[in-house]
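The chain is numbered in sequence order, starting from 1.
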Amino acid sequence: MTAKKQNLSEALKKYFGFDKFKGDQQAIIQNVLDGRDTFVLMPTGGGKSLCYQLPSLLMEGTAIVISPLIALMKNQVDIISSMSDEGTAHYLNSSLNKAAIDQVKADILSGRTKLLYVAPESLTKEDNVEFLKQAKISFYAVDEAHCISEWGHDFRPEYRRIRPIINEIGNAPVIALTATATDKVRTDIKKNLGILDADEFKSSFNRPNLYYEVRPKTKEVDKDIIKFIKQHPGKSGIIYCLSRKKVEELAEILRANDIRAAAYHAGLESALRSQTQDDFLMERIEVIVATIAFGMGIDKPDVRFVIHYDIPKSLEGYYQETGRAGRDGGEGMCITFYAQKDLQKLDKFMEGKPVAEQDIGRQLLAETAAYAETSVCRRKMLLHYFGEEYHEENCHNCDNCLHPKKKIEAHEQLCIVLSAIQALKENFRSDYVVDFVAGRETEEILAHKHQNHELFGAGEDFEEKHWNPVIRQALIAGYLKKDVENYGLLKLTALGKKFMKKPTSFMIVEDNEFAEDYEASGEHEGVTSALDPTLNAMLRDLRKKVSRQLERPPYVIFQDVSLEQMATDYPVTLEELKNIQGVGEGKIRQPYAKEFVDLIKRYCEENDIVRQSDLRVRTVAKKSILKVKIIQAIDRQVALDDIATAQGLEFEDLLSEVEAIVYSGTKLNIDYFLDEVMDEDHIDDIYDYFAESETDSLEAAIDELGGECSEDEIRLVRIKFISEMAN
């Protein structure tokens, strides 16, 4: 080791307390000290910030760190300032008052400031540029450098102005750092920063400690997340959602289920955001539910899980967000919930953007969908996306490797695909090639007149679902590549041309299949397929018995949907019974409620049913305030149509709310309104119908009474009947 390198190790120990460098850190720092432009591609958790922090402390002058993250600035300034007496770190952004800015400027001019963090917007302000011209700049560090590229997952146009501003302030070496960049993004960064000759340091993207899994997103997704968290007690985690509304809703549901959780998004006040970050770092809360605004620059090494409630817009974003798990090398579980409906939603968000931006966005989205749907090793797929080969057949740490699918022979399909790409002059993307070989006459194919080509429909005899996995797995195997500059165009490689001449075996795994639709969970969600039919039959028998004793129709005891949920969730206490749809406080107070939970308890004991009672999920009554207002208004005998107007509801929607209230066991007296709007004989006829009927079905009642009474009248009297007979 040279004397200079020995000094670096001593400096590392002196300032940061570490005994040795990680990966390429030492070579990168030496490169910066030697005054050379430097490009660093290092995954989250690899120690990027040290690559500019240490040289700034060793060099004369001030290093300017350009970063979009105010939270990161504050965090790192505190760390650096506590490490060194010889210099200090500052940040310059919109959160500082004039006195604080004057202090920062004085420290820079005196040579005391070794590191100055600025947001790109602050860097481009004229008075800041004029001031920095007077300072001695040691080097410029551009953090989150992928923000320069439209192909990056977080494009920020102001990043494109960095190079002209550097030229204005004064030339000095540049170090660009990013945690995620494809070849295309890497080229963009170097071109825009004017550092095409920079020395490149590229670390492996493989994080062996991270476990990757993609789960189907169903209407039970909230319940699945709660179960997952409860199965990993005391562990820190981040849940990413795309919308602020979902962030707040999910955080509320988690808290209702005794999970210490908080919401985090850009719409919250900055003081609250800072407090939430501190609470997470200090472990006063276990789980952060956030938009992507959270996590960048939050240095918590022991985040044990990252959950994506919604599929991310790009694999770069996904990789960076999952990279916040297990930064200490320990366990890191990355769970993503995926449904094709979410893709359609994201696609719709792009409408109205410039055409070029839409095109890029859709291609990035297609890569994410391919990752979610593939049955190939997820680690192999991710690393291939970032231009890195992974040679292991099984990583033993992703869902696809732990539960491998059977492989099928697909050399014929690959030959067809390769021939088609060649025939199409290597000028089209994957989706076009699939349409072409499958023989689909799309608008685009008709426009190019390719329906007349002899190879059009060459793959008609094969299953359509195989074409995407054939292309994806041919890319990974090196038979095809995607053009970096014309993103997405499929090109043959030398290996692919060789395969066409002399085909060999090509085994593929079929894609995972995901439902095209799901319904978000809510108060009126249906019952899962895990229903216990034996218990359901026993509960129906008990309901029949109770209805005979009370001389009331069975449905006024409990609705079918309530029984089905009981036969799915096995509630064995009155408290647990309250979580069942259609069961409220009023029902719990009925003497027969205990008979139902006693029956379920006996059944569980006799049949050794393993109940996960600790995983009982409590939903948040989003409409509880509305319900209270409706009940209070009815108690004051306000006309129902006036209540609807006051609450901004259609009359039919108000009736639905009132129905939900009485079905769950609350007694309401709406006689005052019925007497105003209905004939007494009509009320009696409808009431008698429900008293004698085996069902409370509205359709059946309309069939029977529709000639005489309107749907609203039938619903109103049914509310009166349920309220009086069931409650």
Side-chain angles (χ1 to χ4, degrees), residues 28 31-32 35-42 48-49 51-53 55-56 59 61-73 76-77 89-96 101 104-105 108 113-182 184-201 296-297 316 320 357 360:
I28 293 165
N31 210 56
V32 175
R36 295 184 56 76
D37 289 335
T38 311
F39 180 89
V40 177
L41 180 57
M42 188 182 283
K48 285 197 306 301
S49 46
C51 297
Y52 55 79
Q53 287 169 348
S56 75
M59 291 170 80
T62 301
I64 295 181
V65 182
I66 301 151
S67 167
L69 311 163
I70 290 176
L72 170 96
M73 292 179 193
Q76 293 204 350
V77 164
H90 281 306
Y91 57 85
L92 203 53
N93 62 36
S94 54
S95 68
L96 298 180
I101 290 170
V104 169
K105 288 182 175 178
I108 290 169
T113 300
K114 305 306 286 177
L115 259 176
L116 176 68
Y117 287 86
V118 290
E121 298 87 346
S122 303
L123 183 70
T124 53
K125 280 186 182 162
E126 203 173 316
D127 51 346
N128 286 340
V129 172
E130 287 308 311
F131 167 72
L132 289 170
K133 282 181 184 177
Q134 305 166 47
K136 179 169 178 53
I137 310 297
S138 53
F139 63 89
Y140 299 90
V142 182
D143 206 0
E144 310 293 341
H146 55 268
C147 295
I148 277 177
S149 174
E150 288 173 309
W151 288 98
H153 62 281
D154 195 17
F155 173 56
R156 294 172 185 240
E158 60 271 20
Y159 257 67
R160 294 285 180 95
R161 297 182 61 200
I162 291 173
R163 184 72 234 182
I165 295 295
I166 288 175
N167 294 342
E168 211 176 320
I169 294 170
N171 236 334
V174 173
I175 173 171
L177 308 101
T178 176
T180 57
T182 56
K184 172 71 176 158
V185 173
R186 207 158 71 242
T187 309
D188 269 6
I189 292 169
K190 292 199 295 181
K191 204 183 281 180
N192 271 285
L193 284 177
I195 55 168
L196 283 167
D197 296 329
D199 295 314
E200 276 200 36
F201 296 88
M296 297 166 92
E316 285 94 337
Q320 189 164 49
E357 210 176 307
I360 290 170

Across all chains, not counting sequence neighbours, the side-chain hydrogen bond (donor to acceptor under 3.5 Å, both in side chains) partners of Lys105 are none

With sequence neighbours left out, the residues meeting salt bridge (Lys or Arg N to Asp or Glu O under 4.0 Å) with Arg36 are Asp199

Does Asp197 reach the side chain of Asp37, with side-chain heavy atoms less than 4.5 Å apart?
no

Just distance, no hydrogens or angles: give the donor-acceptor pairs under 3.5 Å from side chains in residues 130-139, sequence neighbours left out.
residue : atom : partner : partner atom : Å
Glu130  : OE2  : Lys133  : NZ           : 3.2
Ser138  : OG   : Thr62   : O            : 3.3
Ser138  : OG   : Ala63   : N            : 3.2

Min side-chain heavy-atom separation Met42-Ile28 under 4.5 Å = yes

Quick one, Tyr52 and Val32 - any side-chain contact, counting heavy atoms below 4.5 Å? no

Would you give me the side-chain donor-acceptor pairs under 3.5 Å for residues 164-177, sequence neighbours excluded?
residue : atom : partner : partner atom : Å
Asn167  : OD1  : Arg163  : NE           : 3.1
Asn167  : OD1  : Arg163  : NH2          : 3.0
Asn171  : OD1  : Arg163  : NH2          : 2.9

_Leu115 vs Val65, test: side chain to side chain contact (heavy atoms under 4.5 Å, CB included). Steps then yes/no._
CA-CA 7 Å; Leu115 259 176; Val65 182; 3.2 Å; yes

Output, in order, the C-alpha distance, side-chain angles, deciding distance and verdict of side chain to side chain contact (heavy atoms under 4.5 Å, CB included) for Glu200 and Arg186.
CA-CA 10 Å; Glu200 276 200 36; Arg186 207 158 71 242; 3.1 Å; yes

Exercise. May I ask you to decide if Ile148's main-chain N or O and Asn192's side chain share a donor-acceptor pair within less than 3.5 Å?
Key: no

#### Entry: Note, Thr178 side chain near Leu41 side chain (heavy atom, < 4.5 Å)
yes

pair Val142-Leu193: side-chain heavy atoms closer than 4.5 Å: yes

- prompt: Is there side-chain contact between Glu144 and Gln320, with at least one heavy-atom pair below 4.5 Å?
  reply: yes

Tightest non-hydrogen contact, residues Ala145 and Tyr159, listed as CA-CE2, 4.4 Å

Item checked: side chain to side chain donor-acceptor pair (under 3.5 Å) between Asn31 and Thr38, worked out -> CA-CA 7 Å; Asn31 210 56; Thr38 311; 3.0 Å; yes

Taking every heavy atom of Ser67 against every heavy atom of Asp143, the minimum-distance pair comes out as CB-CB, 4.3 Å

Contact check, side chains of Gln53 and Lys114, non-hydrogen atoms, under 4.5 Å
no

